[in-house]
Protein chains: 2
Amino acid sequence: MKLSTKGRYGLKAMFELALNDGKGPIPLRNIADNQNISEHYLEQLISVLKKGNLVNSVRGSKGGYMLTKPPSKITVGEIIRALEGDIAPSDCVLDTKHNNCIKEGYCATKPVWEKIRDSINEVIDSITLADMVEDQRKFKKQGLYV
Amino acid sequence: MKLSTKGRYGLKAMFELALNDGKGPIPLRNIADNQNISEHYLEQLISVLKKGNLVNSVRGSKGGYMLTKPPSKITVGEIIRALEGDIAPSDCVLDTKHNNCIKEGYCATKPVWEKIRDSINEVIDSITLADMVEDQRKFKKQGLYV
DNA sequence: TGAAATCCAAGTAAGTTACTAGGATTTAAG
DNA sequence: CTTAAATCCTAGTAACTTACTTGGATTTCA
């Protein structure tokens, strides 16, 4: 039940873009350096986010990436689903696929996987990038950061 | 964010044991046949559950496995954690380990992983094997099964 | 023209998953 | 006392996934 680096790095990158929202295109290099991630690898992740219409890019010198929408309109759920696919603790509760359970009729474990799936989705769909930025701002205001 | 077959098969096996609770030891062979799982593989999983004190075994002919506690006292969470380890979408929110995040100070993604972790745990700790048995019983009473 | 950046496709080492193989041991029943 | 049914135990392993790396081609600003 772990997210892969796709989802984890991807959210970090999107958070950085949210922090710099409105400042024009941000080069991947900066994000990769800030977050200690291989730039080439991050490239692959952000390309998925671009296909998912969550970021735009500007090529060439002075280019970079920017969010397609204000941070308050982008949820963690959109980001994670773009990178990792639909959330499902078991394939049999993937919304997209039709039920591929071998069992005919009732399966006792399926409702469990559905509840887990739904609760994860509820959490990640309720958090926006703006929330994350705000939480960091609040934290730093308290002078609790190192 | 998928469970491995450990957690999925393991819960199915434990559910079968719950269904047959009080009927003496149930051989793994039956469960493996019922659920279409390799018996040898299931052996390995149930051995973990035994170490986790969730099942007892009786060796020899007429032997098998049985729950150590009534189904109402065994949660899905205990089973999944025994087989898959602590739930954590990212290692940095594993309760057991100390914070192994490279970042000093505030990390914006950590609260997200914590919320996901907590919501999953809340779900799986709130469902007992007895609940699963009851849900199946209700379903079958409605005559909806094949 | 050069540097900075995105874009793109392929390869790959290491790790994980989901088993299989091959037995040793224990126990009830005939 | 033998046999069959079962748990117990340790290795091995093919296939897959992960988390990258390599090596460029292309675009754009200055």
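Throughout, a chain's letter reflects where its sequence line sits, starting with A, and its residues are numbered from 1.
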> When you look at CD of E122(A), are more than 12 heavy atoms from neighbouring residues, nucleotides or ligands closer to it than 6.0 Å?
Replying inline: no

> After noting the C-alpha distance and the side-chain angles of D135(B) and K140(B), does the key distance pass the salt bridge (charged side-chain N to carboxylate O under 4.0 Å, His left out) rule?
Replying inline: CA-CA 9 Å; D135(B) 283 350; K140(B) 296 212 164 172; over 6 Å; no

>> Side chain of S38(A), heavy atoms from C-beta onward: which of dC8(D), dC7(C), dC20(D) has the nearest atom to it?
In response: dC20(D)

Atom pairs, N/O to N/O, protein against nucleotides 10-12 of chain D, distance under 3.5 Å?
none

Filtered N/O pairs between nucleotides 27-30 of chain C and protein, under 3.5 Å:
unit_1  : atom_1 : unit_2 : atom_2 : d
dT27(C) : O2     : S61(B) : N      : 3.2

> Taking OH from Y41(B) and P from dA21(C), how many angstroms apart are they, rounded to a whole number?
Replying inline: 16 Å

> When you look at E84(A) and K6(A), which way does the salt bridge (charged side-chain N to carboxylate O under 4.0 Å, His left out) test go after all the steps?
Replying inline: CA-CA 7 Å; E84(A) 308 248 355; K6(A) 288 181 202 167; over 6 Å; no

>> In whole Å, I'd like the distance from the CG atom of L45(B) to the P atom of dA18(C).
In response: 10 Å

> Roughly how many Å is it from CG in L3(A) to C1' in dT18(D), rounded to a whole number?
Replying inline: 14 Å

> Mapping S57(A) and I37(B) onto DNA chain C by nearest heavy atom, which one lands closer to the 5' end?
Replying inline: S57(A)

> Heavy atoms under 4.0 Å, any strand shown: does K2(B) hit a base, just sugar-phosphate, or nothing?
Replying inline: nothing

> Expressed in angstrom and rounded to an integer, what is the separation of K50(A) atom NZ from dT27(D) atom P?
Replying inline: 12 Å

> dT21(D), dA18(C), dT6(C): which one has an atom nearest the side-chain heavy atoms of L28(A)?
Replying inline: dT6(C)

Output a table of donor-acceptor pairs, distance under 3.5 Å, between side-chain atoms of residues 61-69 of chain A and any protein atom two or more places apart or on a different chain; print 'none' if there are none.
unit_1 : atom_1 : unit_2 : atom_2 : d
T68(A) : OG1    : N53(A) : O      : 2.9
T68(A) : OG1    : L54(A) : O      : 3.3
K69(A) : NZ     : E78(A) : OE1    : 2.9

>> Please tell me if Y9(B) has a side-chain N or O lying less than 4.0 Å from either OP1 or OP2 of dC19(C).
In response: yes

> Between atom CG in D91(A) and atom P in dA18(C), what is the gap in whole Å?
Replying inline: 10 Å

> Looking just at side-chain N and O atoms, do T128(B) and K73(B) make a donor-acceptor pair shorter than 3.5 Å?
Replying inline: no

>> Please report the distance, rounded to the nearest Å, between CZ in R29(B) and P in dA4(D).
In response: 15 Å

> Do K50(A) and S57(A) meet the criterion of a side-chain donor-acceptor pair at a distance under 3.5 Å?
Replying inline: yes

> So which nucleotide from dA19(D), dA18(C), dT6(C) ends up closest to the side chain of S4(B)?
Replying inline: dA18(C)

> Nearest to the side chain of T5(B) - dA19(D), dC19(C), dC8(D)?
Replying inline: dC19(C)

>> Using the rule given for side chain to side chain donor-acceptor pair (under 3.5 Å), can you reason through S4(B) versus Y9(B), listing the C-alpha separation, both sets of side-chain angles and the distance that settles it, and then say yes or no?
In response: CA-CA 9 Å; S4(B) 70; Y9(B) 293 177; over 6 Å; no

>> side chain to side chain contact (heavy atoms under 4.5 Å, CB included) for T75(B) and I124(B)? Distances and angles first, verdict last.
In response: CA-CA 7 Å; T75(B) 65; I124(B) 63 182; over 6 Å; no

> Rounding to a whole Å, what distance do you find between I46(A):CD1 and dC8(C):P?
Replying inline: 14 Å

> Passes salt bridge (charged side-chain N to carboxylate O under 4.0 Å, His left out), D131(B) versus K138(B)? Steps please.
Replying inline: CA-CA 10 Å; D131(B) 294 330; K138(B) 275 185 196 157; over 6 Å; no

